[in-house]
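As structure tokens, the structure follows; a few thoughts come after it.
Position 1 is the first residue of the sequence, and the numbers go up from there. All figures in this text were calculated on a predicted structure; none of them were measured in a lab.
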Amino acid sequence: MKIVENTLELMAISGCQGMNLNDTEAAILLGYLGGNDYCLLMDENLKIWLHDNQEGEKDDNDTPYTIRDVIEFCKDLNEEILIEEESKVTTQPEYIMELRKDEMILGHMMERAAAAIPPKEQEYKVQ
């Protein structure tokens, strides 16, 4: 498997799944993943998996993802960062504004992804 490293690769993957991303949108997604120590792995058929870089090269726990899953994951990361940043005593208004801008872009991407890609059923094993 290969690491998705540039926006063109991510744009090709999303296009194969029925959703078009532009260069800025793909860069935002890759930025959130890389900034939070995650990456996407792809195979020769452009299928992707979320990989936690903290686990090194071990990929036993990697989760198959769709572009919708990637957007939803990045949207959640943005929300967490925004809450954390706004709760600080001294905030950085420019950074908060950037996070708000990303929040809007991710929201629009999520709307498009929801229309193009159905949610996947997840099974949880509760012990």
Side-chain angles (χ1 to χ4, degrees):
M1 286 209 255
K2 178 187 180 315
I3 295 175
V4 177
E5 297 178 305
N6 65 56
T7 58
L8 292 177
E9 291 171 332
L10 190 56
M11 290 164 62
I13 290 164
S14 67
C16 288
Q17 294 182 18
M19 183 187 163
N20 293 323
L21 291 178
N22 64 40
D23 195 48
T24 302
E25 292 169 333
I28 288 171
L29 295 175
L30 291 175
Y32 274 96
L33 292 172
N36 289 279
D37 221 11
Y38 289 92
C39 70
L40 293 174
L41 300 176
M42 71 175 180
D43 67 7
E44 61 278 350
N45 298 319
L46 298 182
K47 291 185 181 179
I48 54 174
W49 288 262
L50 180 68
H51 179 72
D52 185 346
N53 291 331
Q54 294 179 2
E55 293 186 14
E57 292 185 20
K58 187 174 136 188
D59 60 4
D60 301 354
N61 296 323
D62 288 357
T63 308
Y65 257 43
T66 64
I67 196 65
R68 177 184 175 144
D69 297 328
V70 174
I71 295 167
E72 192 168 13
F73 184 69
C74 291
K75 193 171 180 303
D76 291 344
L77 289 172
N78 171 271
E79 289 171 7
E80 288 176 22
I81 295 167
L82 192 53
I83 288 169
E84 183 180 310
E85 196 61 35
E86 288 180 331
S87 69
K88 290 181 177 177
V89 175
T90 51
T91 61
Q92 298 174 337
E94 301 85 22
Y95 185 49
I96 291 175
M97 191 65 91
E98 284 295 314
L99 291 170
R100 289 279 179 208
K101 181 184 77 167
D102 288 352
E103 180 181 44
M104 287 176 30
I105 294 169
L106 289 164
H108 291 299
M109 279 194 285
M110 192 62 212
E111 288 173 12
R112 292 188 354 249
I117 303 165
K120 70 178 177 188
E121 293 182 29
Q122 295 199 356
E123 184 177 308
Y124 297 97
K125 296 177 183 174
V126 179
Q127 296 182 2

[X]: which residues meet the side chain to side chain donor-acceptor pair (under 3.5 Å) condition with it, sequence neighbours left out?
{"X": "K101", "result": "E98"}
{"X": "Q17", "result": "none"}
{"X": "E72", "result": "none"}

For a quick test of reading the model, state the closest non-hydrogen atom pair linking [X] to [Y] and the distance between them.
{"X": "N22", "Y": "E25", "result": "OD1-N, 2.8 Å"}
{"X": "R68", "Y": "I117", "result": "NH1-O, 2.7 Å"}
{"X": "A116", "Y": "G18", "result": "CB-O, 3.5 Å"}
{"X": "L99", "Y": "E85", "result": "CD1-CB, 4.2 Å"}
{"X": "L106", "Y": "I71", "result": "O-CG2, 3.9 Å"}
{"X": "L46", "Y": "M42", "result": "CD2-SD, 3.8 Å"}

Between F73 and Y38, is the ring centroid distance below 6.0 Å?
yes
Results of side chain to side chain contact (heavy atoms under 4.5 Å, CB included) for [X] - residues two or more places apart only:
{"X": "E103", "answer": "N78, L82, R100"}
{"X": "N53", "answer": "D37, C39, H51"}
{"X": "S87", "answer": "none"}

Take I105 and M109 through the side chain to side chain contact (heavy atoms under 4.5 Å, CB included) test and state the conclusion after the steps.
CA-CA 6 Å; I105 294 169; M109 279 194 285; 4.0 Å; yes
Are any side-chain N or O atoms of N45 and backbone N or O atoms of K47, one a donor and one an acceptor, separated by less than 3.5 Å?
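No, N45 side chain to K47 backbone: no donor-acceptor pair under 3.5 Å.
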Using modelled atom types and a 3.5 Å cut-off, is there a donor and acceptor pairing between side-chain atoms of T7 and backbone atoms of A26?
no
Working for side chain to side chain contact (heavy atoms under 4.5 Å, CB included), residues L40 and I3:
CA-CA 6 Å; L40 293 174; I3 295 175; over 6 Å; no
Lys/Arg N to Asp/Glu carboxylate O, K2 vs E44, below 4.0 Å
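Salt bridge between K2 and E44, a charged N being under 4.0 Å from a carboxylate O: no.
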Between E80 and K75, is there a salt bridge with N-O shorter than 4.0 Å?
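Between E80 and K75 there is no salt bridge, as every charged N stays at least 4.0 Å from the carboxylate O atoms.
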Distance (rounded to the nearest 0.5 Å) between [X] [atom1] and [Y] [atom2]:
{"X": "I81", "Y": "D76", "atom1": "CD1", "atom2": "CG", "answer": "11.0 Å"}
{"X": "I96", "Y": "K88", "atom1": "CD1", "atom2": "NZ", "answer": "9.0 Å"}
{"X": "M104", "Y": "H108", "atom1": "CE", "atom2": "NE2", "answer": "5.0 Å"}
{"X": "T91", "Y": "E86", "atom1": "OG1", "atom2": "CD", "answer": "8.0 Å"}

Sub-4.5 Å side-chain heavy-atom contact between [X] and [Y]:
{"X": "L21", "Y": "I13", "result": "no"}
{"X": "V70", "Y": "L50", "result": "no"}
{"X": "C74", "Y": "I28", "result": "no"}
{"X": "L30", "Y": "N6", "result": "no"}
{"X": "L33", "Y": "V4", "result": "no"}
{"X": "T63", "Y": "Y65", "result": "yes"}

